[in-house]
Amino acid sequence: MSEPDVGAYRRPDNLSELLTLLDRRPTSVLAGGTDLVVMRADGMVDRTQDIVDIKDVSDLRGISLDADGTLTIGAATSLQELAKTPVIPPNAITDGASLVGGWQTRARGTIGGNICRASPAADTLPGVLAADAQLELASTTGTRLVPGHAFFTGPGRTVRKPNELLTRIIVPASLGASAYLRFTYRLAMDLAVVGVAAHLDIKNGRCVAARVALSAAAATPVLAPDAADALVGTELDEPSIEAAAQLVLNTATPIDDGRGSRAHRRTVLPVLAKRAIGIALERAREGHRR
Amino acid sequence: MTTHMTLRVNGSDHDIAVEPDTLLLDALRYECGLTSAKLGCGTGDCGACTVTVDGEAVNSCLMYVLECEGHSVETVEGVTASGIGAVVAEEFVKADAVQCGFCSPGIIMSTCALLARTEPGAATDEDIKEALAGNLCRCTGYLPILDAVRRASGAPR
Ligand SMILES: Cc1cc2nc3c(=O)[nH]c(=O)nc-3n(C[C@H](O)[C@H](O)[C@H](O)COP(=O)(O)OP(=O)(O)OC[C@H]3O[C@@H](n4cnc5c(N)ncnc54)[C@H](O)[C@@H]3O)c2cc1C
Ligand code: FES
Ligand code: FES
């Protein structure tokens, strides 16, 4: 028996043609390819599916800031562009983008790919959750917005339907600042053993809202509401941060695997949380608004 | 399904036959006869396959060649023929930054991309490490490579 043909390669230059192609039959969306090329070669993705390259649709790229402070990131924006953007000060999403792989990985890899691959250890996802971002999914029948915290359903799984494209990441204006940190054994080209993003909204020296999110600590990136709630109302002094950071363990359900044991992950998580909250606070004091 | 495309490499157009998922790396090696880019890991981890596309360093093992239609690819065969690329190659030799040489084409391409985006002498050690973190070398211990890149960065262009 001969092998079935591999799918065709297509590169439409406008969104409506792209969405029509996704609607017609099962397709593999190709953004930077830093995950997809390997997944197809490994048989994790069916090679008979057509490959639809989204990089020529210019609406899907770029970072823009509205007058009201809303930030919009095109799904096909490269991680390198995000890591180096002059549009916004450093924040949990750009921190995550700058940690992915090596220069070559970030030059090709996109934030949309990082989100749709939905690895529990992915580095931009805690930032997306901590920023309370909305993810816009488009298909030929319309668009819908899904909050980041409701997008991920398991390792590699999301609420996105096969005919839907992630088009934009919409981040609401913020009164404060954020940061993302991860623990790895090497400084580069390594995957998070665990990671923590923290976002703080501060008014008159007091924390008025907070979100803390974790990577590689559960089957999906997750919010840690107990830690966040413990920060609200405090002046973000050392003891309050220390106590709140410990509460990430109420949410974390890490596994034992090649990159770390469950016990090690639970030891590192509160330390990282404390540091991430500390960096977010420092940035807020410097006047960052992200 | 085999199709034909034009691949622009080192300023020349190559008319080549490709499958929908032929890798850029394989097209360079087997269709264009340019063997500087190497297959190390095939998963984006080692950087031995690094080339530039429109001046940006990329892993050619993670790209389909059809993604390059309408774009411009450079490899070591092209960039070291003259100009700053030739200086980079010379500094690598002078600094003993080449032992087995398997990593060298990729590292030289990452270096050329770095120098193209920085002013002469402006690349800091941090910039160099950021640019080369995706390129592994099993032989040199990296210090001679850092030396070579520092010197090439300082050279007039
Ligand atoms: C050497 C190496 C190191 C890496 N290190 C890290 C790391 O440190 N941290 C980390 O988080 N990741 C890492 N990664 C993984 C990868 O680089 C990122 O997940 C990257 O963001 C993927 O983006 P991409 O554009 O390349 O996605 P692609 O490979 O193009 O796509 C990934 C998946 O998402 C789908 N997809 C992509 N865009 C869309 C869209 N707009 N709408 C719908 N579906 C879409 C694709 O169909 C595919 O299933 C690494 C990868 C490599 C090769
Ligand atoms: S062969 Fe491409 S990165 Fe190793
Ligand atoms: S010189 Fe041998 S791998 Fe670098």
Short of 3.5 Å, which donor-acceptor contacts do chain A and chain B share? List atoms and distances.
unit_1 : atom_1 : unit_2 : atom_2 : d
A/R11  : NH2    : B/L66  : O      : 3.0
A/R11  : NH2    : B/E69  : O      : 3.1
A/R40  : NH1    : B/D21  : OD2    : 3.2
A/R40  : NH1    : B/Y64  : OH     : 2.9
A/R47  : NE     : B/D21  : OD2    : 3.3
A/R47  : NH2    : B/D21  : OD2    : 2.9
A/K55  : NZ     : B/E67  : OE1    : 2.6
A/K84  : NZ     : B/E130 : OE1    : 3.2
A/K84  : NZ     : B/E130 : OE2    : 2.7
A/W103 : NE1    : B/E56  : OE1    : 2.8
A/Q104 : NE2    : B/T50  : OG1    : 2.9
A/Q104 : NE2    : B/S110 : OG     : 3.4
A/Q104 : NE2    : B/N135 : OD1    : 3.0
A/R108 : NH2    : B/E67  : OE1    : 2.8

* Structure fact -> Under 4.5 Å to a heavy atom of chain B? For A/L187 that would be neither
* **pair B/L23-A/V37: side-chain heavy atoms closer than 4.5 Å** => yes
* Asked: So what's closer than 4.5 Å to chain A heavy atoms on B/L114: side chain, backbone, both or neither?
  -> neither
* Structure fact -> Closest heavy-atom pair, A/A188 versus B/A133, reported as atoms and distance to 0.1 Å, is CB-CB, 3.6 Å
* Asked: Of the non-hydrogen atoms in A/I51 and B/P20, which two are nearest, and what is the gap between them?
  -> CD1-O, 4.2 Å
